[in-house]
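As structure tokens, the structure follows; a few thoughts come after it.
Quantities reported herein were computed from a predicted structural model and do not represent experimental measurements.
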Amino acid sequence: MTPLTRFLLTLVGVLLAGVPLVYLTMAPRGRETHEQGAPQQQTQSLRTFLTLRYTGSPHSATLRHEDEVIAEIAPATTSPYECFIDLPADTKSADIEVEIHWPENSPENAVTLTLEPQGRPTRTETQWTGSNGSLLHSIFSLTW
């Protein structure tokens, strides 16, 4: 065999083996990790309708669940404030931290928090600010 023939046969062999290897080694990252990675557990969530009712005209209001801010309510927002939140599906209770500031020397104010989880009974809790009605910073604990 001539050197040119050997070279061409080697080149054909490399191309036949190399082209499929290029496609196998250069797979898209998303597909590669999905196929090779461990099965991912999807976190199930419980879609919950939240209603916050309050008296007076607060300066600000913040709602938190597990140290994560659910909502920051603007001063001009009228009562009730409504939104959807996602709770863990296996939860038997929810602790919602509510912090509301009213103007100084406000009269006693009330705050009512209602949670309506999908497929579960509605739960409501009301708390009062007391004689100094300018601040409510409390945890609303609701169980099913």
Side-chain angles (χ1 to χ4, degrees), residues 4 6-144:
L4 180 62
R6 266 191 242 153
F7 173 75
L8 289 176
L9 285 175
T10 306
L11 181 65
V12 168
V14 169
L15 287 176
L16 287 174
V19 170
L21 285 175
V22 169
Y23 286 111
L24 290 174
T25 58
M26 300 192 71
R29 292 279 181 210
R31 193 172 112 207
E32 180 179 311
T33 56
H34 177 67
E35 291 173 358
Q36 293 178 0
Q40 296 178 353
Q41 294 179 346
Q42 294 182 357
T43 56
Q44 298 290 328
S45 62
L46 181 64
R47 191 79 167 150
T48 304
F49 187 68
L50 179 145
T51 304
L52 183 71
R53 290 182 170 78
Y54 44 85
T55 57
S57 298
H59 285 306
S60 65
T62 304
L63 302 173
R64 290 182 190 86
H65 178 256
E66 295 180 353
D67 295 328
E68 182 179 325
V69 174
I70 297 171
E72 291 184 298
I73 302 169
T77 306
T78 59
S79 179
Y81 174 80
E82 299 172 330
C83 68
F84 281 97
I85 62 171
D86 290 318
L87 298 174
D90 59 350
T91 189
K92 303 287 186 223
S93 66
D95 294 332
I96 309 292
E97 180 183 352
V98 177
E99 183 176 355
I100 302 179
H101 296 272
W102 286 272
E104 289 293 322
N105 301 322
S106 292
E108 190 174 30
N109 286 295
V111 176
T112 300
L113 179 72
T114 303
L115 293 180
E116 300 176 43
Q118 189 175 27
R120 295 193 183 171
T122 300
R123 295 293 185 245
T124 300
E125 184 178 337
T126 301
Q127 294 186 15
W128 295 82
T129 59
S131 58
N132 180 9
S134 62
L135 172 66
L136 175 83
H137 189 181
S138 186
I139 305 286
F140 287 68
S141 294
L142 302 138
T143 58
W144 291 274

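The shortest distance between side-chain heavy atoms of I139 and I96 does not fall below 4.5 Å. With a 4.5 Å cut-off on side-chain heavy atoms, I85 and C83 count as touching. Using a 4.5 Å cut-off on side-chain heavy atoms (C-beta onward), T124 and L115 make no contact.
Each ring-ring contact (aromatic ring centres under 6.0 Å, His included) pair with one or both residues in residues 50-73, not counting sequence neighbours, would appear here, but there are none. The salt bridge (Lys or Arg N to Asp or Glu O under 4.0 Å) analysis of residues 46-63, with sequence neighbours excluded, yields the pairs R47-D86.
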- Task: Decide yes or no on side-chain contact (heavy atoms from CB on, under 4.5 Å) for T62 and H101, but give the supporting numbers first.
- Result: CA-CA 9 Å; T62 304; H101 296 272; over 6 Å; no

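Taking each heavy atom of S93 and T143 in turn, the nearest pair found is CB-CG2, 3.4 Å. Scanning all heavy atoms of the two residues, the minimum distance from W144 to A94 falls at CZ3-N, 3.7 Å. Shortest non-hydrogen contact noted between L52 and S79 is O-OG, 4.1 Å.
Rounded to the nearest 0.5 Å, atoms CD1 (I70) and OH (Y81) are 9.0 Å apart. Here the CD1 atom belonging to I100 is positioned 9.5 Å from the CG atom belonging to L135, to the nearest 0.5 angstrom. With rounding to the nearest 0.5 angstrom, the CG atom of L87 is 4.0 Å from the OG1 atom of T48.
With sequence neighbours excluded, the residues forming a side-chain hydrogen bond (donor to acceptor under 3.5 Å, both in side chains) with S134 are N132, listed by chain and number. Partners of T129 according to the side chain to side chain contact (heavy atoms under 4.5 Å, CB included) rule, which considers only residues two or more places apart in sequence or in another chain, are W102, E108, N109, L136. Scored by the side-chain hydrogen bond (donor to acceptor under 3.5 Å, both in side chains) test, T77 finds no partners at all (sequence neighbours excluded). Remark: E125 pairs with Q127, F140, L142 by the side chain to side chain contact (heavy atoms under 4.5 Å, CB included) rule, at least two apart or across chains. In this view, F49 and T51, E82, F84, E116 satisfy the side chain to side chain contact (heavy atoms under 4.5 Å, CB included) rule, not counting sequence neighbours. Among residues two or more places apart in sequence or in another chain, the salt bridge (charged side-chain N to carboxylate O under 4.0 Å, His left out) test is passed with D95 by none. Residues that satisfy the side chain to side chain contact (heavy atoms under 4.5 Å, CB included) test with P75, not counting sequence neighbours, are absent from this structure. Looking at residues two or more places apart in sequence or on another chain, you find a side-chain hydrogen bond (donor to acceptor under 3.5 Å, both in side chains) between T126 and T112. For R64, the salt bridge (charged side-chain N to carboxylate O under 4.0 Å, His left out) criterion is met by E97, E99, not counting sequence neighbours.
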